[in-house]
Amino acid sequence: MTYTITDLANEFGITHRALRFYEEKGLIEPARKGQTRIYSDRDRTRLRLIINGRDVGLTLYEIRQILDSYRKDDVTEQNRIAVEFFRRRLAAVKEQRARVDDQIDRLEEACERLAGEDIEASAPRRGSRSRQAELRTGTH
DNA sequence: GTTCTCACA
DNA sequence: TGTGAGTA
C-alpha cells in the first residue's frame, strides 16, 4: 500500500507542509515518482512514531535519533535508546510541573492575602479554617 | 494536486 | 516547530 502526501496529512491531522518539514529534518524519506512523494507503509509507521514523539514533547532531533536506531536489528538496543529519551523527557516534564505547581501556590497565596477578606464571606477557602481566620485568631 | 523557496513567529 | 504566500 502507498499513500500520497495528502493521504497521510489527513490521516494524522497535520498539513502537507509539516510532512515536508519532517522530511527536511531527515525523519522520513518517501520514495519519489518523478517529483511526487510516494509514502510506503513503513513511512506511515515512522510517521506515527514521529507524531507520538512530538505529542509527548520530544524534539524532532530526538525523534530522529530514535528512528535512526531502528536501522539496527537489535530490538533490545532500540528500546534502550527510546527509553533513554523517554526518561529524560519525563524528568524535564516533571520539573516543569513542579515549577507550575509552585506558581499556582504563590498566586493563590497572593490572592488570598490581597483579597481574602472580601472573598471569604461568600466563598470560603478549602479546609475547615481559612488562613485569614488562623491569622486573626492566632491559632493553627 | 503537488513541488519548491523565502519570509516569519 | 511549524505556517503563509507565491510559483511552476
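Below, chain A is the first sequence line, B the second, and so on; all start at residue 1.
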| query | Is the backbone N or O of Ala98(A) less than 3.5 Å from a side-chain atom of Asp101(A), with the two atoms forming a donor-acceptor pair by type? | reply | no
| field | Common cluster, Ile66(A)/Val93(A), ILVMFWY with side-chain heavy-atom separation under 4.5 Å | value | no
| request: Convert the base pairs of DNA chain B into dot-bracket notation, remembering that pairs crossing earlier ones are written with [ ] and that bases paired across to another strand are shown as |; include only Watson-Crick or G-U pairs under 3.5 Å. | output: .|.||||||
| said: When you measure from the side-chain N and O atoms of Thr4(A) to the phosphate of dG1(B), is any distance below 4.0 Å, counting only OP1 and OP2? | reply: no
| said: Can you list, by chain and residue number, the hydrophobic cluster partners of Val100(A) when the side-chain cut-off is 4.5 Å? | reply: Ile104(A)
| message | Can you list everything that forms a side chain to side chain donor-acceptor pair (under 3.5 Å) with Thr36(A)? Sequence neighbours excluded, please. | response | none
| Could you walk me through whether Arg99(A) and Glu95(A) pass the salt bridge (Lys or Arg N to Asp or Glu O under 4.0 Å) check? | CA-CA 6 Å; Arg99(A) 279 199 297 274; Glu95(A) 208 175 300; 3.6 Å; yes
| request: Using side chain to side chain donor-acceptor pair (under 3.5 Å) as the criterion, list what pairs up with Asp41(A), not counting sequence neighbours. | output: Tyr3(A)
| said: Just to verify, which of Asn52(A), Ile51(A), Ile50(A) counts as forming a side-chain contact (heavy atoms from CB on, under 4.5 Å) with Arg48(A)? | reply: Asn52(A)
| request: Please list residues of residues 11-24 of chain A whose heavy atoms come under 4.0 Å from any atom in DNA chain B, ordered by number; otherwise none. | output: Arg17(A), Arg20(A)
| field | Interface with DNA chain C, restricted to residues 37-71 of chain A and to heavy atoms under 4.0 Å | value | Arg54(A), Thr59(A), Leu60(A)
Please report, to 0.1 Å, the donor-acceptor pairs under 3.5 Å made by any side chain of residues 19-31 of chain A, with sequence neighbours excluded.
from	atom 1	to	atom 2	distance (Å)
Tyr22(A)	OH	Arg54(A)	NH1	3.4
Glu23(A)	OE1	Arg37(A)	NE	2.5
Glu23(A)	OE2	Arg32(A)	NH2	3.0

Quick one: which protein N/O atoms are closer than 3.5 Å to N/O atoms of nucleotides 6-8 of chain C? Pair and distance per line, please.
none

| message | If the condition is side chain to side chain donor-acceptor pair (under 3.5 Å), which residues does Asp102(A) pass it with, not counting sequence neighbours? | response | Arg106(A)
Compile the donor-acceptor pairs under 3.5 Å between side chains in residues 70-77 of chain A and protein atoms, sequence neighbours left out, one pair per line.
from	atom 1	to	atom 2	distance (Å)
Asp74(A)	OD1	Thr76(A)	N	3.0
Asp74(A)	OD1	Glu77(A)	N	3.3
Glu77(A)	OE1	Arg80(A)	NE	3.1
Glu77(A)	OE2	Arg80(A)	NH2	3.2

| request: Identify, with sequence neighbours excluded, every residue that meets salt bridge (charged side-chain N to carboxylate O under 4.0 Å, His left out) alongside Arg44(A). | output: Glu11(A)
| query | For Thr2(A), what residues pass the side chain to side chain contact (heavy atoms under 4.5 Å, CB included) criterion, not counting sequence neighbours? | reply | Ile38(A)
